[in-house]
Trainee: 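After the structure tokens below, expect a handful of questions from me.
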There are 2 protein chains.
Amino acid sequence: MQNRLTIKDIARLSGVGKSTVSRVLNNESGVSERTRERVEAVMRQHGFSPSRSARAMRGQSDKVVAIIVTRLDSLSENLAVQTMLPCLYEQGYDPIMMESQFSTKLVQEHLDVLSHRNIDGVILFGFTGIDEAMLTPWRDTLVLMARDAEGFASVCYDDEGAIRILMQRLFEQGHRHISYLGVPESDITTGLRRHEAYLSFCRQHELTPNAVLPGLAMKQGYDHVAKVLNEETTALLCATDTLAIGASKYLQQHPRTPLQLASVGNTPLLKFLHPEILTVDPGYAQAGKQAALQLIAQVTQHAELRQITIPAALS
Amino acid sequence: MQNRLTIKDIARLSGVGKSTVSRVLNNESGVSERTRERVEAVMRQHGFSPSRSARAMRGQSDKVVAIIVTRLDSLSENLAVQTMLPCLYEQGYDPIMMESQFSTKLVQEHLDVLSHRNIDGVILFGFTGIDEAMLTPWRDTLVLMARDAEGFASVCYDDEGAIRILMQRLFEQGHRHISYLGVPESDITTGLRRHEAYLSFCRQHELTPNAVLPGLAMKQGYDHVAKVLNEETTALLCATDTLAIGASKYLQQHPRTPLQLASVGNTPLLKFLHPEILTVDPGYAQAGKQAALQLIAQVTQHAELRQITIPAALS
DNA sequence: CTGTTAGCGCATTCAT
DNA sequence: ATGAATGCGCTAACAG
């Protein structure tokens with residue numbers, strides 16, 4: 001843009017040395033109140049802001065973080081990222097965005113690029129097949145989303161709790177034949193954990209489980225929902241909003257006796273299309289904020305690598 | 001990450017001077033083929049990549065661009081961004097993402113941040129009320145999406161063509177009472193242009209227009225669609241996929257005589273939910289690519305500020 | 001408390 | 001064709 005001022009200019013304009021300006025800039029101690037104020041005044045007056053590249057070169061942080069989402073159009077990840085961004089902006093971090101498309105190879109490529117770029121940290125939305133080994137170099141500057149791994153900071157959803165809450169509610173409503181539409185167990189969180197929570201609840205309450213685990217896509221919900229519906233079924237629990245939307249479409253086209261749907265995920269889209277569906281909010285928004293805060297804490301003050309679980313809540 | 005090598009190291013390792021390495025790095029002429037190859041070998045062998053901050057400080061580009069979307073969860077913008085990203089990566093640009101939430105104030109804040117950040121360029125998704133004056137400083141390094149403005153590079157959709165194609169098709173199918181569900185005319189492109197194209201077609205073919213322009217949201221489509229439906233109506237044209245989804249929900253809940261729906265936008269969501277709807281693809285994907293290419297051309301070779309319009313096509 | 005000095009990694013003269 | 005020297009804007013070590 002315009003030819004910007006440097007600390008040298010500020011120093012000259014306020015009649016002090018460069019290093020004093022630098023000290024003021026970094027809130028270092030050892031500057032008299034008077035000079036500090038004077039320098040700050042000059043900086044404000046001229047709208048001065050230090051060159052990021054120069055700072056970066058001096059070993060300081062570049063104040064850039066990367067966010068690697070699986071897909072730009074993931075409903076849940078969008079909600080998380082939307083709360084993440086303001087947190088990052090506020091602390092002066094610029095977020096560069098990348099899309100993994102559920103490909104380990106793409107994640108690897110992106111990380112390679114990032115390693116050449118003096119990145120402060122990475123927030124990575126996990127998925128099935130992600131290779132923990134390749135994340136090792138990033139151990140201290142990474143926050144894993146929606147997945148946890150030994151030795152890494154992470155923000156997870158309470159998969160088990162979310163399913164339990166929904167099952168409990170359905171059970172209280174009198175449902176005794178609750179089917180389950182989910183995701184293959186190769187997916188640890190959305191797949192395995194949620195399915196196990198379902199099975200566990202069934203066991204405890206002596207219900208007969210009836211599940212199918214086709215995948216993550218709407219179409220898969222649509223195509224496979226029929227398999228878990230029989231005459232007795234009165235309720236259907238879906239592992240995700242996306243599956244619930246697919247299932248709903250099928251049910252609209254193939255009417256049957258009333259069926260109470262329930263799903264994990266509190267996306268605006270599902271709320272609009274099917275407000276009658278019982279949903280639990282896995283806390284996507286809160287997760288985004290927590291992840292941002294955790295990452296900043298890690299990279300600025302070497303905070304411990306916490307494994308955070310966001311509590312689920314009926315919505 | 002690791003303590004990276006510098007051109008000094010490469011110079012030492014290949015037995016040449018720093019400046020020679022620099023020359024090789026920038027593909028400058030005046031280096032003998034032999035030394036060039038030798039230096040390149042050493043660089044490859046050690047996986048050398050120059051410090052971006054150092055280059056940036058030397059007045060070179062930082063190779064960062066900003067993408068300001070209106071909303072992270074906009075279906076159409078997602079499609080555009082998804083094609084934009086690979087183009088940018090390929091050229092070594094890192095995209096930092098920001099969300100305007102349709103707020104001029106937020107755009108201004110983001111641009112302020114960016115002006116302190118030695119950004120190469122900005123891709124801005126336009127919206128109603130965007131203030132061209134505040135974009136002036138960015139004239140040469142900005143590409144406006146979905147909106148055009150005097151003196152700025154832009155990538156627009158063919159609003160007029162998209163509507164015309166759909167109307168033509170509906171007309172050919174025999175429809176003579178085609179209603180329109182759109183966006184207020186304060187929105188120049190999605191609002192005004194599409195509505196005018198609708199009116200224009202009606203005039204030319206002596207149809208009686210019947211339109212309502214509630215807004216962009218699904219709920220608005222749902223709430224207002226009834227107003228444009230009467231006994232004679234056989235087709236409904238929606239200005240966007242989002243409106244079409246809202247309208248469809250209403251129609252499912254309030255059955256009537258068959259109504260052919262049509263809409264502008266070729267999003268996967270609509271295709272899944274309502275494949276029966278006639279849609280035209282405004283070319284979101286192609287638009288993303290064009291925008292990335294245009295921006296790169298501008299910032300690397302001061303290419304002219306083209307105003308590109310993506311042709312619409314039946315999908 | 002404050003100014004001076006010396007680099008960070010690179011591109012760019014200017015010599016050779 | 002190539003190496004040595006200079007400085008980008010900043011922080012850090014060292015003097016006063």
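Keep in mind that this is a model prediction, so the values were computed, not measured. Order of the sequence lines sets the chain letters (A, B, ...), proteins ahead of strands, with each chain counted from 1.
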Trainee: Output all residues satisfying ring-ring contact (aromatic ring centres under 6.0 Å, His included) with B/F125, sequence neighbours left out; order by chain, then residue number.
Mentor: none
Trainee: With a 4.0 Å cut-off on heavy atoms, is A/R55 in touch with a base, just the backbone sugar-phosphate, or nothing at all?
Mentor: sugar-phosphate
Trainee: Would a distance-only check, ignoring hydrogens and angles, find a side-chain to backbone donor-acceptor pair under 3.5 Å from A/E99 to A/L72?
Mentor: yes
Trainee: Going by atom type alone, with no hydrogens or angles, which donor-acceptor pairs under 3.5 Å involve a side-chain atom of residues 103-111 of chain A and a protein atom two or more places apart or on another chain?
Mentor:
| from | atom 1 | to | atom 2 | distance (Å) |
| --- | --- | --- | --- | --- |
| A/S103 | OG | A/K105 | N | 3.2 |
| A/S103 | OG | A/L106 | N | 2.9 |
| A/T104 | OG1 | A/G129 | O | 3.1 |
| A/K105 | NZ | A/E109 | OE2 | 3.3 |
| A/H110 | ND1 | A/L106 | O | 3.3 |

Trainee: Map B/R36 and B/A54 onto DNA chain D by nearest heavy atom, then report which one ends up closer to the 5' terminus.
Mentor: B/R36
Trainee: Please tell me whether A/T70 and A/E77 have a donor and an acceptor in their side chains that are separated by less than 3.5 angstrom.
Mentor: yes
Trainee: Between the protein and nucleotides 13-16 of chain D, which nitrogen or oxygen pairs are less than 3.5 angstrom apart?
Mentor:
none

Trainee: Among B/I7, B/V39, B/L13, find the one that has a side-chain contact (heavy atoms from CB on, under 4.5 Å) with B/F48.
Mentor: B/I7
Trainee: For A/M57 and D/dT11, give me the distance from atom CE to atom P, rounded to whole Å.
Mentor: 11 Å
Trainee: Distance check needed: D/dA12 P versus A/K18 NZ, whole Å only.
Mentor: 13 Å
Trainee: Can you tell me the distance, in whole Å, between the NZ atom of A/K63 and the P atom of D/dC10?
Mentor: 16 Å
Trainee: Could you give the CG-to-C1' distance, from B/N118 to D/dC10, as a whole number of Å?
Mentor: 15 Å
Trainee: When you check the phosphate oxygens OP1 and OP2 of D/dT2, does a side-chain N or O of B/T35 lie under 4.0 Å from one of them?
Mentor: yes
Trainee: Have a look at B/V16 and say if it touches a base, only the backbone sugar-phosphate, or nothing, with a 4.0 Å heavy-atom cut-off.
Mentor: sugar-phosphate
Trainee: Within the structure shown, what part of the strands sits under 4.0 Å from B/S51 by heavy-atom distance: base, sugar-phosphate, or nothing?
Mentor: sugar-phosphate
Trainee: Can you tell me which residue pairs pass the salt bridge (charged side-chain N to carboxylate O under 4.0 Å, His left out) test with a partner in residues 46-61 of chain B, sequence neighbours excluded?
Mentor: none
Trainee: Is any side-chain N of the basic residue among B/D159 and B/R147 closer than 4.0 Å to the acidic one's carboxylate O?
Mentor: no
Trainee: Strictly distance-based, threshold 3.5 Å: is any side-chain N or O of B/D120 a donor or acceptor partner for the main-chain N or O of B/V64?
Mentor: yes
Trainee: With a strict under 4.0 Å distance from non-hydrogen atoms of chain B, what nucleotide opens and what nucleotide closes the contacted stretch of DNA chain C, reading 5' to 3'?
Mentor: C/dG9 to C/dC14
Trainee: What is the distance from CD1 of B/I10 to P of D/dT2, rounded to the nearest Å?
Mentor: 17 Å
Trainee: Roughly, in whole Å, what's the span from CG in A/L5 to C1' in D/dC8?
Mentor: 15 Å
Trainee: Roughly, in whole Å, what's the span from CG in A/D62 to P in D/dC10?
Mentor: 14 Å
Trainee: Checking all strands, does A/T6 fall into the base, sugar-phosphate, or nothing category for heavy-atom contacts under 4.0 angstrom?
Mentor: sugar-phosphate
Trainee: Separation of B/R12 atom CZ from D/dA4 atom P, in whole Å?
Mentor: 14 Å
Trainee: If only side-chain N and O atoms count, and only distance matters, is there a donor-acceptor pair under 3.5 Å linking B/S49 with B/R4?
Mentor: yes
Trainee: Using the test salt bridge (charged side-chain N to carboxylate O under 4.0 Å, His left out), find all partners of A/D112 that sit at least two apart in sequence or belong to another chain.
Mentor: none
Trainee: Looking only at side-chain N and O atoms, does B/S32 come under 4.0 Å of OP1 or OP2 in D/dA1?
Mentor: no
